[in-house]
Number of protein chains: 2
Amino acid sequence: MKISTKGRYAVRIMLDLAENDTGDYIKVKSIAKRQDLSEKYLEQIISMLNKAGFVKSVRGARGGYRLSKAPEDFTIGMILRLMEGSVSPAPCLDGGMSACSRCSSCGVISVWEELQQAINGVVDNITLQDLLDRKKIESVNI
Amino acid sequence: MKISTKGRYAVRIMLDLAENDTGDYIKVKSIAKRQDLSEKYLEQIISMLNKAGFVKSVRGARGGYRLSKAPEDFTIGMILRLMEGSVSPAPCLDGGMSACSRCSSCGVISVWEELQQAINGVVDNITLQDLLDRKKIESVNI
DNA sequence: AGCATTTCCCATTGACATGGTATGAAACAA
DNA sequence: TTGTTTCATACCATGTCAATGGGAAATGCT
């Protein structure tokens with residue numbers, strides 16, 4: 001029932017890009033240092049974010065990454081679905097041929113459906129901007 | 001983000017036992033047939049349910065399994081937590097040493113906490129009896 | 001032009017979990 | 001005693017996860 005490291009790290013990476021946005025492009029090396037992640041693994045993850053258009057990149061010296069849109073335009077759900085494929089708790093909710101033949105008679109599927117709705121309700125209603133705001137409020141209270 | 005087959009099958013097995021309770025003990029073979037699961041794998045799962053005291057067993061001819069308590073005494077959450085260890089979306093919520101050292105400065109953990117609450121809110125508020133009731137209502141509508 | 005920096009791309013690895021089989025012993029009813 | 005059924009354990013094949021490594025291509029700086 002765990003979200004994979006890919007998914008969780010991706011959220012941290014996106015938030016890091018949002019937090020440290022100075023206008024310049026941000027290097028993998030500096031993200032890795034702040035977030036304490038392996039550069040190589042981080043590279044792999046951010047490459048997926050790049051291919052999906054969530055970040056934009058510049059190669060070469062003084063290159064790096066930045067968010068392609070404003071922090072409020074990215075929900076946690078968008079990021080997780082990209083990395084995980086889906087955020088559903090059971091394969092029969094993902095449609096396609098993984099839908100089990102027993103579904104019609106399966107008394108349990110309603111549980112997974114409720115669960116999925118609950119999950120969506122959370123991840124689709126939190127944006128990176130929300131997280132930035134939370135952090136700001138926290139630091140005031142300290 | 002998937003619940004493992006162990007967790008999902010366990011719920012189906014428990015519901016099957018609830019549905020087919022005639023007072024007699026129910027054989028693995030008959031559950032496997034109804035639920036279309038491998039007998040051997042099912043055996044493995046129901047053995048965990050047995051050790052946890054969720055079902056009681058009788059060995060030998062005319063033996064089998066039945067629920068140890070009434071269907072309303074088992075929540076989905078109880079079953080999933082037994083099989084999965086936990087239903088939390090991130091290891092740093094499980095306490096112990098898996099709690100990451102970065103938690104205090106981690107802007108993302110609040111997301112996982114919200115997610116966990118949403119998940120708990122679903123699985124801890126559905127019992128096997130609820131599923132029995134739903135099925136009954138459905139069959140009336142058909 | 002040449003060099004350092006940095007992203008990009010692909011292949012590989014080790015560990016672990018998943019999903020399932022196989023074998024046989026122990027308990028029990030008829 | 002014979003057949004049925006749970007119980008216990010070991011085994012295995014496959015896949016995924018999490019990460020590492022090596023080098024090619026692009027870019028800025030001097």
Side-chain angles (χ1 to χ4, degrees), chain A residues 1-13 17 24-33 35-68 80 82-86 89-92 94 98 100, chain B residues 1-10 12-13 17 24-33 35-68 80 83-86 89-92 94 98 100:
Chain A
M1 197 53 187
K2 294 278 178 289
I3 300 170
S4 72
T5 55
K6 270 204 169 73
R8 301 198 313 269
Y9 291 179
V11 174
R12 280 168 58 186
I13 292 167
L17 289 177
D24 274 3
Y25 282 79
I26 300 175
K27 287 172 286 185
V28 161
K29 194 174 256 179
S30 68
I31 306 175
K33 206 166 208 173
Q35 297 295 325
D36 193 29
L37 298 176
S38 139
E39 280 180 43
K40 278 299 181 183
Y41 193 36
L42 202 161
E43 210 176 70
Q44 234 178 87
I45 294 170
I46 209 167
S47 149
M48 294 181 68
L49 294 168
N50 194 20
K51 277 171 189 153
F54 286 19
V55 301
K56 47 188 178 181
S57 67
V58 167
R59 298 171 72 160
R62 295 193 51 89
Y65 295 93
R66 51 183 310 187
L67 294 185
S68 65
L80 290 183
L82 173 68
M83 304 306 292
E84 306 263 310
S86 105
C92 56
D94 290 331
S98 55
C100 63
Chain B
M1 197 53 188
K2 294 279 177 288
I3 300 170
S4 74
T5 54
K6 269 204 170 71
R8 301 201 310 273
Y9 292 180
R12 280 168 59 187
I13 292 167
L17 289 178
D24 274 3
Y25 282 80
I26 301 175
K27 285 173 286 185
V28 162
K29 195 175 254 179
S30 68
I31 305 176
K33 206 167 207 175
Q35 298 292 328
D36 193 29
L37 298 175
S38 139
E39 281 179 42
K40 280 298 177 188
Y41 194 35
L42 202 162
E43 212 173 67
Q44 231 177 91
I45 295 169
I46 211 168
S47 147
M48 294 180 68
L49 295 168
N50 193 22
K51 277 171 188 152
F54 287 18
V55 301
K56 47 187 175 179
S57 66
V58 167
R59 298 169 73 159
R62 293 191 52 91
Y65 295 92
R66 50 182 311 188
L67 294 184
S68 65
L80 291 183
M83 303 307 292
E84 306 265 308
S86 107
C92 56
D94 290 333
S98 55
C100 61

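Every chain is numbered from 1, with letters handed out A, B, ... down the list of sequences.
First and last contacts of DNA chain D with chain A, using any nucleotide atom under 4.0 Å from a protein heavy atom and ordered 5' to 3', fall at D:dA18 to D:dC29.
Not one side-chain nitrogen or oxygen of A:N50 sits closer than 4.0 Å to the OP1 or OP2 atom of C:dT7. Look at A:Y65 and you'll find a side-chain N or O under 4.0 angstrom from OP1 or OP2 of C:dC8.
What you find for A:D24 and A:R62 is that their closest heavy atoms are OD2-NH2, 3.9 Å. Closest approach of B:R66 and B:Y25 over heavy atoms only: CG-CE2, 3.4 Å. Between A:G7 and A:L80, the shortest heavy-atom distance links the atoms O-CD2, 3.7 Å. Across B:I46 and B:V55, no two heavy atoms sit closer than the pair O-CG2, 4.2 Å.
Residue-level contact check: A:Y25 touches neither bases nor backbone, having no heavy atom under 4.0 Å from any strand. Residue A:S4 is in sugar-phosphate contact alone, with no base atom involved, counting any heavy-atom pair closer than 4.0 Å across all strands shown. At a threshold of 4.0 angstrom between heavy atoms, the contacts of B:K51 are confined to the sugar-phosphate backbone, with no base atom among them. Using a 4.0 Å heavy-atom distance criterion, A:S47 is classed as making no nucleic acid contact.
Following rounding to the nearest Å, B:D24 (CG) and C:dA29 (C1') show an atom-to-atom distance of 13 Å. Rounded to whole Å, the distance from CE on B:M83 to P on C:dT18 is 11 Å. Between A:I45 atom CD1 and C:dC9 atom P there is a gap of 17 Å when expressed in whole angstrom units. In this structure, A:L49 places its CG atom 14 Å from P of C:dT7, rounding to the nearest Å. The separation between A:M1 atom CE and C:dT18 atom C1' is 17 Å, rounded to whole Å. For the pair B:K2 NZ and C:dG19 C1', the computed distance is 17 Å after rounding to whole Å.
Nearest to the side chain of B:Y41, among C:dG20, C:dT6, C:dC8, sits C:dG20.
The shortest side-chain heavy-atom distance between A:S4 and A:E84 falls under the 4.5 Å cut-off. Looking only at side-chain heavy atoms (C-beta outward), A:L17 and A:I31 come within less than 4.5 Å of each other. By the 4.5 Å heavy-atom criterion applied to side chains, B:P91 and A:K2 are counted as neighbours.
Closest-nucleotide positions on DNA chain D for B:R62 and A:I3 were compared, and the one nearer the 5' end corresponds to B:R62. Along DNA chain C, the nucleotide closest to B:G60 and the one closest to A:V58 are compared, and the more 5′ of them pairs with A:V58. Heavy-atom nearest nucleotides on DNA chain C were determined for A:K27 and for B:E39, and the one closer to the 5' end corresponds to A:K27. Along DNA chain D, the nucleotide nearest A:K6 and the nucleotide nearest B:G63 are compared for position; the residue whose nucleotide lies closer to the 5' end is B:G63.
Taking CE from B:M48 and CD1 from B:I13, the interatomic distance works out to 11.0 Å, rounded to the nearest 0.5 Å. Within the model, atoms OH of A:Y65 and CG of A:L42 stand 9.0 Å from one another, a figure rounded to the nearest 0.5 Å. Here the CG-CG distance, from A:L82 to A:L49, works out to 6.0 Å after rounding to the nearest 0.5 Å.
At distances below 3.5 Å, not a single donor-acceptor pair connects side-chain atoms of A:E39 with backbone N or O atoms of A:V28. Under the 3.5 Å distance criterion, the side-chain polar atoms of A:R12 are matched with a main-chain donor or acceptor of A:Q35.
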Could you pull out the protein-nucleic contacts involving nucleotides 22-25 of chain C (nitrogen or oxygen on both sides, under 3.5 Å)?
residue: C:dT23; atom: O4; partner: B:K40; partner atom: NZ; Å: 2.9

Would you give a per-nucleotide map of nucleotides 12-17 of chain C, 5' to 3', where B means the base has a protein non-hydrogen atom under 4.0 Å away, S means only the sugar-phosphate does, and - means neither?
------
